[in-house]
Each structure stands twice: as structure tokens, then as C-alpha cells.
Amino acid sequence: MRHLLDTRSLSRDEAILILDTAEEMAATQQREIKKLPTLRGKTVVNLFFEDSTRTRISFEAAAKRLSADVINFSAKGSSVSKGESLKDTAQTLQAIGADGVVIRHPASGAPAKLAASNWIDAGVLNAGDGTHEHPTQALLDAFTMRRRLFGASQSGEASRGRDLDGVSVVIVGDIAHSRVARSNLWLLNALGAHVSFVAPETLLPYGARTWPVTVHHSFDTALREEQPDVVMMLRIQSERMHAAFFPNEREYARVWGLDDTRLSGLQDRAIVMHPGPMNRGLEISSGAADSHRSTVLEQVANGVSVRMAALYLLLSGERTEQA
Ligand code: CP
């Protein structure tokens with residue numbers, strides 16, 4: 001694997017390789033081996049043109065736990081704000097000797113552009129591009145589902161080698177602006193899960209009906225008909241919305257929110273996921289976010305193991321030809 005740009009092009013076997021490698025990484029952390037020497041001498045640059053808490057911090061922690069040198073680059077306060085192009089920024093990183101570039105960018109396709117260019121030789125990891133994809137988020141979500149649904153032992157033994165065949169996943173809310181929903185859709189399909197989107201028509205992406213997904217316009221109908229193992233709530237991304245499309249908050253919470261009543265009707269083994277950051281009281285109640293079903297903080301912790309796996313597979317020399 002040369003780059004990690006999306007989940008749409010990942011096969012089932014490639015996805016399981018990343019998830020199983022993440023289990024190995026998690027096992028080293030549980031044995032309190034704080035640092036592996038695997039990426040000693042390599043340089044990873046975190047290139048963030050959009051805000052981030054979880055993704056940036058966990059990529060940094062992941063690279064450091066593999067003994068890489070880490071350079072954090074935020075567009076704010078850099079020469080990007082003076083008009084420097086992606087090409088010139090990339091060539092600067094090449095001159096510094098970056099082996100891996102973790103990039104978040106508001107433009108869909110920016111990581112693919114970087115990977116396809118001859119500006120830089122580094123492996124490129126997409127940390128979220130526009131409304132396109134957020135592959136490591138989907139991988140950490142699948143990792144969390146495997147562990148929770150198939151009996152997480154501390155060693156993760158019960159999860160290894162498994163796909164998500166037959167698992168029902170309902171993804172709810174602002175799907176139109178969600179790269180998390182798209183990455184989950186492709187990955188979950190590759191792993192054999194059944195995916196449903198629940199959203200008002202105005203928050204569904206153009207073309208969604210041609211995708212391998214069941215679409216519902218009623219949350220309660222979706223819960224009744226799909227009997228989900230996983231309910232994944234999405235953040236309303238008001239920063240990407242025209243004001244005219246911004247929903248009335250009370251109405252949105254009533255119709256599309258995971259409140260305590262809907263939470264109590266879920267089947268026993270069902271889990272509640274959210275990629276964060278959460279709008280408590282809007283798409284998810286505090287009761288749901290803090291319940292025993294919630295995996296929100298596990299997702300963050302698992303993100304470090306999954307990103308360690310991705311960095312290891314891309315940068316340690318064990319590469320295949322696939323882009
Ligand atoms: N889930 C996620 O991408 O969170 P951040 O925006 O905080 O990185």
C-alpha cells in the first residue's frame with residue numbers, strides 16, 4: 001500500500017489487514033510498550049488546512065509511538081495564509097525530507113492530487129478531504145464495531161480476521177456534508193455489513209440513491225425495520241451549510257436526534273457511535289452520548305491503534321503496488 005486516500009478502493013482483505021494490524025498495535029499498548037522502533041528515522045508531517053482535534057492528535061500520537069519524527073503544520077499561521085499553493089507547500093515538505101504526509105484539506109481530492117503529483121515522494125494519508133472521504137475514521141469505526149459486537153477481549157483475539165458480515169448499521173443526520181458517512185459506506189460494504197442512511201432529503205448527497213445503501217426518511221421507521229446493531233450519529237456541519245438550509249434546532253433534535261426514548265428502544269447489543277465533535281442536545285442527547293452503549297471515547301482511543309497500523313503499513317517498507 002503506497003497511499004491511503006479512500007476506503008472506496010480498499011478490498012475486504014486490505015481492510016482486514018489494516019484492522020488486524022491495528023489489533024497488533026493495540027496489543028503492544030496494552031502490554032505497556034510505549035514505543036515501537038518501527039519508524040525510527042522517518043519523518044511524518046501533519047498537514048492540516050482545516051481544524052481538527054481527534055484526527056491530528058491521534059496521528060501525532062500514533063507516529064510518535066512508532067518512533068517517527070513528527071512535524072505539525074497548520075495552515076493558520078503558515079505561508080498558506082500568504083497565498084502559498086499546495087504545490088509549493090508540498091515541495092517545501094519534500095525538501096525537508098518528509099516520508100509520510102497526513103493531510104486534511106477543505107477541497108475534495110486534494111490528497112489524491114498530492115499523491116498523483118511529482119511534487120513529493122512521501123506516502124499520503126487522507127485525514128479528511130472536503131465532503132469526499134475520511135478513511136482512517138471509517139477504519140477506526142469498523143475496528144470499534146468488531147471489538148464491541150464480537151466480544152472484545154483485551155487482546156482483541158475475538159475480532160481478528162473477522163469482517164462485519166450481516167451487521168446492520170444505521171447512519172443518521174447530515175449525510176450530505178459527511179465524508180465520514182461516505183467512507184463508512186464503502187468500507188462497511190466491503191466488510192459485508194448492511195448500511196442504511198437516515199436523513200431529510202435536503203441532507204442526502206446527490207446520487208446517494210445509486211449507492212449500495214437503504215435510504216430512510218424517518219428515524220423511527222429505520223430503527224423498527226433495520227433493528228440496527230450500530231446507530232451512528234453525525235454532526236450537523238453548519239460551517240458547510242448555506243444559512244437557508246440550516247435546520248431549526250429544536251425541530252431537528254425532535255425528528256432526527258438520538259434522544260433518550262429512541263435510545264431505550266434499541267436492541268440489547270446495539271451500540272451508539274459518533275465521530276465527534278458532538279452537538280449535544282442537537283443530533284444526540286447527553287443521555288445517549290454518555291450511556292453504556294456509547295463508543296465515543298473508545299473510537300478516539302482506537303483511532304491511535306488504527307493510525308499506527310496505517311502509518312506502519314505505508315511507511316515501514318512493507319508496501320504493495322496499489323495506490
Ligand atoms: N472525527 C474527526 O475527524 O474529528 P476531528 O475533526 O476533531 O479530527
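Everything numeric here is computed off the predicted structure, so don't read it as measured data. Atoms within each ligand, like the ligands themselves, are counted from 1 in listed order. Only heavy atoms go into these numbers, but all of them, side chains included; no hydrogens, no water, no symmetry mates.
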Check: For atom CG of L297, is the number of surrounding heavy atoms from other residues, nucleotides or ligands below 6.0 Å larger than 12?
Finding: no
Notebook entry, point to check: Which heavy-atom pair separates A127 from R104 by the least distance, and what is that distance?
Noted result: O-NE, 2.9 Å
Margin query: Suppose we measure from atom 1 (N) of ligand 1 to each protein heavy atom; which comes out shortest, and what is that distance?
Written below: P275 O, 2.9 Å
Next item on the list: Find all atoms of ligand 1 within a distance of less than 4.0 Å from any non-hydrogen atom belonging to T53, and give their numbers and elements.
Entry: 5 (P), 7 (O), 8 (O)
Next item on the list: Please check if atom CZ in R280 has more than 12 non-hydrogen atoms from other residues, nucleotides or ligands closer than 6.0 Å.
Entry: yes
Margin query: Tell me if a side-chain donor or acceptor on K42 pairs with a main-chain N or O of L315 at a distance below 3.5 Å.
Written below: yes
Checklist line | ligand 1 contact by G128, heavy-atom criterion under 4.0 angstrom | finding: no
Margin query: Quick check on contacts: which atoms of ligand 1 are under 4.0 angstrom from a heavy atom of Q137?
Written below: 1 (N), 2 (C)
Margin query: Suppose we measure from atom 6 (O) of ligand 1 to each protein heavy atom; which comes out shortest, and what is that distance?
Written below: R104 NH1, 2.9 Å
Next item on the list: Could you check atom 4 (O) of ligand 1 against the protein and tell me its nearest heavy-atom contact, residue, atom and distance included?
Entry: R54 NE, 3.2 Å
Note to self: Can you name the atoms of ligand 1, numbered from 1 with element, that are less than 4.0 Å from a heavy atom of G276?
What the structure shows: 1 (N), 2 (C), 4 (O)
Notebook entry, point to check: Which ligand 1 atoms, with their elements, are less than 4.0 angstrom from a heavy-atom of T55?
Noted result: 2 (C), 3 (O), 4 (O), 5 (P), 8 (O)
Margin query: Any side-chain to backbone donor/acceptor pair from R262 onto G257? Under 3.5 Å, distance only.
Written below: yes
Next item on the list: Just say parallel, tilted or perpendicular for the rings of F49 and H105, cut-offs at 30° and 60°.
Entry: tilted
